[in-house]
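Notes follow the structure.
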Number of protein chains: 2
Amino acid sequence: MTNEPGHEIADALGVLLTRSTREHLHAALTEGLGEAVDALTYPLLSGLDRAGARSAADLGREIGLDRTTVTRRADRLQRAGLLRRDPDPCDARATLLALTDAGEAVVATTRGRLAAHIDASLASWPAEDARTFSRLLHRFVTDGPFTGEAPRH
Amino acid sequence: MTNEPGHEIADALGVLLTRSTREHLHAALTEGLGEAVDALTYPLLSGLDRAGARSAADLGREIGLDRTTVTRRADRLQRAGLLRRDPDPCDARATLLALTDAGEAVVATTRGRLAAHIDASLASWPAEDARTFSRLLHRFVTDGPFTGEAPRH
DNA sequence: CCAAGAAGCGTGCTTCGAGCACGCTAATCT
DNA sequence: AGATTAGCGTGCTCGAAGCACGCTTCTTGG
């Protein structure tokens, strides 16, 4: 127990990261959503849902993946009907990756399940603590230490 | 802004996960610590530091990796002098994975750098908010939704 | 006390994801 | 209008992850 919250938060985040990357958690969250949705492809769906239709290169920068990797994963999701490629009206070479209705439904379902998990574990908390935690976490993420841009290689 | 903190927390965690898995962040945290320490091998070091010397199978269960994968990564860290294999005094077949002094120093340096990042972004916060956030986050991680055991395949 | 089964570890082998280089099309600049 | 740059998709190569196998050692039942 130190006077600097940074160390405690760092430890907590380390544990959180380790736990949340467990395969079985992702399997539970995406259960029954089709073969194309797994721990590798979901970040694309989530990123598109957050930022709207984007080009493959932009989405790659957003989620820290190579452009070609995004293309390959998008192929799978497109075959599954969760994502479509629209030609960019402003640029004929560019194609915009966008969620289909089915894709949006998948994102909504997954986020709802995660929220349910979180709500369940917050059930024993005082309501005010839960709201405070939500508010502080949001602030931490907004102007937190992870907002830097990824450099190009 | 909904009445259910779960949805907000879910969104924040999604962003946090996406950001924190960026390669360049890990590169900054492990800069100058040797070639063997990267985003793949650091979880082993961190896990050993948290739980102490363990067998490869136990460590694999802890961090959600296959036993053989742990072995291969441990080989690299051992060659780099950050990890050693001690024979288990209670069981001649088992070998315990343990951090060397250099390995502990690497973990300490990395966690210190992460803590510094966090402290820097918390500098503009009221001190009480920072402490509250630290406390709530710790509680969330301790009895949060990610404490379940990984099922064996 | 010993024999058979179980548990732990390391290593060849296969599969699959990630990134680089290349070629193509279209936009932009001079 | 020609040249240069930007965006996209695809063959190709490298490396990581997990499975099957063999070896050693512990355990348990006769």
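What's counted below: heavy atoms across the whole structure, side chains too, no hydrogens, waters or symmetry copies. Just so it is clear, the model here is predicted, and its values are computed rather than measured. Chain letters run A, B, ... following the sequence lines, proteins first, then strands; residues in each count from 1.
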Sub-3.5 Å pairs of nitrogen or oxygen atoms, protein against nucleotides 22-29 of chain C:
| unit_1 | atom_1 | unit_2 | atom_2 | d |
| --- | --- | --- | --- | --- |
| dA27(C) | OP1 | A92(A) | N | 3.0 |

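- In this structure, NE2 in H117(A) is found 6.5 Å from CG in L25(A), a value given to the nearest 0.5 Å.
- Taking atom CG of residue D58(A) and atom P of nucleotide dA6(D), one finds them 14 Å apart after rounding to whole Å.
- Rounded to an integer number of Å, the gap from D86(B) CG to dG8(C) P is 18 Å.
- The residues R72(B) and D75(B) are annotated as not salt-bridged, no charged nitrogen and carboxylate oxygen being separated by less than 4.0 angstrom.
- Straight-line distance from the CZ atom of R61(A) to the C1' atom of dG19(C): 16 Å, rounded to whole Å.
- In this structure, Y42(B) and H26(B) have perpendicular ring planes: the angle between them is above 60°, well past the 30° mark.
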CA sep, side-chain torsions, deciding dist, call: Q78(B), R84(B), side-chain hydrogen bond (donor to acceptor under 3.5 Å, both in side chains):
CA-CA 6 Å; Q78(B) 187 176 16; R84(B) 69 172 185 273; over 6 Å; no
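- When every heavy atom of L122(B) is checked against every heavy atom of A130(B), the shortest pair comes out as CD2-CB, 3.9 Å.
- Between dG7(D) and T71(A), no contact under 4.0 Å exists linking OP1 or OP2 to a side-chain N or O.
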List every contact pair, protein side and nucleotides 14-17 of chain D side both N or O, where the distance is under 3.5 Å.
| unit_1 | atom_1 | unit_2 | atom_2 | d |
| --- | --- | --- | --- | --- |
| dA17(D) | OP1 | R73(B) | NH2 | 2.0 |
| dA17(D) | OP2 | R73(B) | NE | 3.3 |
| dA17(D) | OP2 | R73(B) | NH2 | 3.4 |

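- With rounding to whole Å, R85(B) atom CZ is found 8 Å from dG10(C) atom C1'.
- Between R50(A) and S46(A), the side chains place a donor N or O and an acceptor N or O closer than 3.5 Å (distance only, hydrogens not considered).
- D38(B) and T41(B) form a side-chain donor-acceptor contact under 3.5 Å, judged by distance and modelled atom types alone.
- A salt bridge links R139(A) to D129(B): one of the charged nitrogens lies within less than 4.0 Å of a carboxylate oxygen.
- At whole-Å resolution of the value, CG in L59(A) and P in dG7(D) are 15 Å apart.
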